[in-house]
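Structure, as structure tokens:
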Amino acid sequence: MYQLKTSASFDSAHFLSGYDGKCANLHGHHWILEVSIQGEALQESGQQRGMLLDFGDLKKAVRNLADSFDHALIYEENTLKPRTIAALHEENFRLIPVPFRPTAENFAEYFFNVLKEQRLPVSRVTVYETPDNCAEYSA
């Protein structure tokens, strides 16, 4: 089995609505998104002969995904009051609503599925919230 791994990072803020702890308050992270792909055979012909996938293509997909969340406030849909959202938009803050609680665990599954939809042979996604704490998702 062949495996490739790459990573990208992004900085963003989030909070955990309904959580009874310090993470209920708005705070930020330097998230690291680590993606592994795997396959049993290398390409046999063409420009990518001898490769599972061109590293450039893998890195571009992972970087684009990380960049799409960079320097934003990520929040679970329906957890902020409409007037709060309006006020933040009025100040030109970048807001990203997601249909799940923005935990490292949920991000790992979300990123896995987004990359799968791009037809990448994803085997595992690891999301680091801090240098010492991460969540992994694999199918």
Do D11 and H30 meet the criterion of a side-chain donor-acceptor pair at a distance under 3.5 Å?
yes

Any link between I96 and L16 through a network of hydrophobic side chains (Ile, Leu, Val, Met, Phe, Trp, Tyr) touching at under 4.5 Å?
no

Taking salt bridge (Lys or Arg N to Asp or Glu O under 4.0 Å) as the cut-off, I'd like each qualifying pair that reaches into residues 61-75, sequence neighbours left out, listed once.
R63-D67

Taking it one step at a time, do E129 and E105 satisfy side chain to side chain contact (heavy atoms under 4.5 Å, CB included)?
CA-CA 10 Å; E129 205 176 68; E105 296 90 335; over 6 Å; no

Please name all residues satisfying side-chain contact (heavy atoms from CB on, under 4.5 Å) with Y2, sequence neighbours left out, ordered by chain then number.
L42, L52

Assess the pair Y137 and Y110: is the distance between their ring centroids shorter than 6.0 Å?
no

Are V62 and M51 grouped together when hydrophobic residues (ILVMFWY) are joined by side-chain heavy atoms under 4.5 angstrom apart?
no

So R101 and Y19, side chain to side chain contact (heavy atoms under 4.5 Å, CB included) or not? Walk me through it.
CA-CA 10 Å; R101 191 183 229 187; Y19 179 74; 3.4 Å; yes

Minimal heavy-atom distance between S68 and L65, with the atoms involved, is OG-O, 2.6 Å

Whichever hydrophobic residues join Y128 through chains of side-chain contacts under 4.5 Å
I32

Atom pair CD (Q3) and OG (S36), whose distance is rounded to the nearest 0.5 Å
6.5 Å

If Ile, Leu, Val, Met, Phe, Trp and Tyr residues are connected whenever their side-chain heavy atoms lie under 4.5 Å apart, and connections chain through other members, are I74 and V114 in the same group?
yes

Verdict with reasoning, F111 to N106, per side chain to side chain contact (heavy atoms under 4.5 Å, CB included)
CA-CA 9 Å; F111 294 144; N106 283 329; over 6 Å; no

Under 4.5 Å between side-chain heavy atoms, chaining through other members, with only Ile, Leu, Val, Met, Phe, Trp and Tyr counted: pull out the rest of the cluster around Y75, sorted by chain and number.
F15, L26, L73, L80, I85, L88, F93, L95

Ring pair (Phe, Tyr, Trp, His ring centres under 6.0 Å) pairs, two or more places apart, involving residues 36-63
none

When hydrophobic residues are tied together by side-chain contacts of less than 4.5 Å, even through go-betweens, does L33 share a cluster with L53?
yes

Is the CD atom of E77 crowded by more than 12 outside heavy atoms at less than 6.0 Å?
yes

Quick check against the 3.5 Å criterion: does H29 have a side-chain atom that pairs as donor or acceptor with the backbone of H27?
no

Test of ring centre spacing under 6.0 Å for W31 and F107
yes

Salt bridge (Lys or Arg N to Asp or Glu O under 4.0 Å) contacts in which one or both residues fall within residues 111-125, not counting sequence neighbours
R124-E136

Without swapping roles, check the side chain of H14 against the backbone of P102 for a donor-acceptor pair under 3.5 Å.
yes

Tell me, with the steps shown, if K60 and L58 meet side chain to side chain contact (heavy atoms under 4.5 Å, CB included).
CA-CA 5 Å; K60 182 178 180 183; L58 177 60; over 6 Å; no

